[in-house]
Each structure stands twice: as structure tokens, then as C-alpha cells.
Visitor: 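Handing you a structure now.
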Amino acid sequence: MPIKPENISRHELIGLRAVIARSSNQSLAGTSGRIVDETRNTVKLSTRKGLKVIPKDAAVFRLDLPDGSIVEVDGARLVGRPENRMKARTRRW
């Protein structure tokens, strides 16, 4: 299944370019880099200034997908172990 804006929460995020569009922590807003690791509650970004650990529930991520499209995802939708999140059924609107 190709990665699309509709199914982003069920895919692997590692390797995607990300920008923190908004965050409850103002020092994180605007941070950009490539996602190198993901845990249940955090995403690790490789930035020009080194590795940054971003709490998922405190940020809105702008992700560049392989097909060239850009999608904004509320980090709260991404909270959970990556392997469990991929198996979970998502509700369609």
C-alpha cells in the first residue's frame, strides 16, 4: 500500500523529511530534519544541529511524502508504538 495523506498514520515514518509546523513548546516550532527513529511517544529528527527528540503529542508535523505531496499530521494521532499503530484500524471520515 503506497503512502498517502489518508493513510499516513499506518505507515513507517522513518526516512521522511519533517518540519514542526506548530508546537506547544515554541522552541521546537520550525525545527526540520529527517526522521531517523520513532518510539511510542517521540520522534527523533536528524537536523543540521544534531539529533532532536520531539514529543509527538506536543507537535504538528509537516511531512514530505515520497510522491512529493506534503501533509500535516497532529502528533497526537501518531502516539503509540509504530508496530501497533500500523496494525490498528483507522476510522475513515
Visitor: If we only count heavy atoms from C-beta on, is the L45 to I54 side-chain gap below 4.5 Å?
Guide: yes
Visitor: So which atom in R17 and which in V19 form the shortest heavy-atom distance, rounded to 0.1 Å?
Guide: NH1-CG2, 3.2 Å
Visitor: V43, V60: one ILVMFWY side-chain cluster at the under-4.5 Å cut-off?
Guide: no
Visitor: What I'd like to find out is whether the side chain of I3 reaches to under 4.5 Å of the side chain of I8, using heavy atoms alone.
Guide: yes
Visitor: What's the shortest heavy-atom distance between L65 and K4, and which atoms?
Guide: CD1-C, 3.9 Å
Visitor: Looking only at heavy atoms, what is the nearest atom pair of D74 and A59, with distance?
Guide: OD1-O, 3.8 Å
Visitor: Hey, what do you get for CG (L78) to CG (D57), rounding to the nearest 0.5 Å?
Guide: 10.5 Å
Visitor: Using the rule given for side chain to side chain contact (heavy atoms under 4.5 Å, CB included), can you reason through I70 versus L63, listing the C-alpha separation, both sets of side-chain angles and the distance that settles it, and then say yes or no?
Guide: CA-CA 6 Å; I70 298 172; L63 303 171; over 6 Å; no
Visitor: What distance separates I35 CD1 from F61 CZ, expressed to the nearest 0.5 Å?
Guide: 7.0 Å
Visitor: With S23, which residues qualify under side-chain hydrogen bond (donor to acceptor under 3.5 Å, both in side chains), at least two apart?
Guide: none
Visitor: List, by chain and number, the other hydrophobic cluster members for L51, where Ile, Leu, Val, Met, Phe, Trp and Tyr join if side-chain heavy atoms come within less than 4.5 Å, directly or indirectly.
Guide: V36
Visitor: Looking at R81, K56, K44, which one forms a side-chain hydrogen bond (donor to acceptor under 3.5 Å, both in side chains) with E38?
Guide: K56
Visitor: Just list the side-chain donor-acceptor pairs under 3.5 Å for residues 27-34, sequence neighbours left out, or say none.
Guide:
residue, atom, partner, partner atom, Å
S27, OG, N25, OD1, 2.7
T31, OG1, L28, O, 2.7
R34, NH1, G15, O, 2.6

